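Here the structure is laid out as structure tokens; the discussion comes afterwards.
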Amino acid sequence: MNDTPSFSRRGIIGLGLGLAAGAAARPLAAAPSIGAKRVLRFAHPTDIHVQPERKGAEGMAACFKHMMALDDKPALIITGGDLPMDTASTPEERSRLEWNLFTKVLRDEVPSSVPIHHTLGNHDIFGRDKKASKTTGSEPNYGRRWFLEQFGYQRTWRSFDQAGWHFIILDSIDLLPDGDEFVCRITGEQLDWLKSDLTRTPKDTPIVVFSHAPIMSVANYFDKDDEEWDTQSPDLKIAAKRMHVDCRDLDALFRSHGNVKLCLSGHLHLLDTCVYNGITYICDGAVSGAKWKGSKRQTAEGYGLIDLYADGTFQHQYMNYGWKASK
Ligand SMILES: [Zn+2]
């Protein structure tokens, strides 16, 4: 096993990928100052896509074994969504097999003393594609209900406080009326809740936000495989299924609150960091790499490990857990 993080930085330094646009007086997020007190270490494994094929379940187990064998273990785990390989376009029996695999591996590898929270991914919405999944919509666990029941949640979005930080978990997936396709954005009841949750949070409490799809990501420009890349097209386009189309609204909302420090996501299976208006956005790779077929582009199988500090700063590392994809 390789314990060496392939990617590490302190707090966030602008680096080449940072978009340092906006108010000149607004500093890029600062690194923890010398003597800053670390208040929490948590892990952010995303896009696990567990399945029996290609040793996906063994891979998931290896990831959590690696995490729990660290000398300095995380005290909290927040998954980033897309937990089974796919339940959106997969019949019920096979979806159940994948969910059962997910809960079994988690139960076997993570002590019950470590709290775990889950973010909803697009592949966690059962029967979204009715034709492919052979669903009618009247199944008791149709749509988000399976995910909610699985974890005993009332809603797919929620928040909590821990170690002096406020954690907000969002549901990125806005299903279009036909229920199959989706757009990444926060609307309706969830948006009202988010606004009031931010208002309720004291201004001196730092905030970390989780969403399955990135609110902002430069890795989107590398999302397609090279052979799919249209070199003749002069436009760089980002699909509404790949990043939040409401990024401007969320940026404005976060700036108006003033204490959102870090936004973590998955979905792209790529690792990147953007800093925009003093907020750091990290797309945190994937536990499954390219769905258990090896690295996705240059991002190998791994998980995020984040240290939070009392002064509102943080450190992020991407931990490769040494997985070798099977043929
Ligand atoms: Zn996804």
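All values reported here derive from a predicted model rather than from experimental measurement. Both ligands and their constituent atoms are indexed starting at 1 by order of listing.
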Report task. Test D86 against S89 for side-chain hydrogen bond (donor to acceptor under 3.5 Å, both in side chains), laying out the working first. Result -> CA-CA 7 Å; D86 171 68; S89 55; 2.9 Å; yes
**Report entry** For R96, the option from E98, E93, E92 that meets salt bridge (Lys or Arg N to Asp or Glu O under 4.0 Å)
**Finding:** E92
Requested in this report: Applying side-chain hydrogen bond (donor to acceptor under 3.5 Å, both in side chains), run through H212 and D82 and close with a yes or a no.
Outcome: CA-CA 8 Å; H212 178 62; D82 284 1; 3.1 Å; yes
Query raised in the report: Should the pair R145 and F126 be classed as cation-pi, given the thresholds of under 6.0 Å to the six-membered ring centre and 45° from the axis?
Result: no
**Report entry** D251 with R248: basic N within carboxylate O range, under 4.0 Å
**Finding:** no
Query raised in the report: Listing by chain and number, what protein N/O/S atoms are under 2.8 Å from the Zn ion (ligand 1)?
Result: D82 OD2, N122 OD1, H212 NE2, H267 ND1
Report task. Answer yes or no: is there an ion pair linking R144 with D124, defined by an N-O contact shorter than 4.0 Å? Result -> no
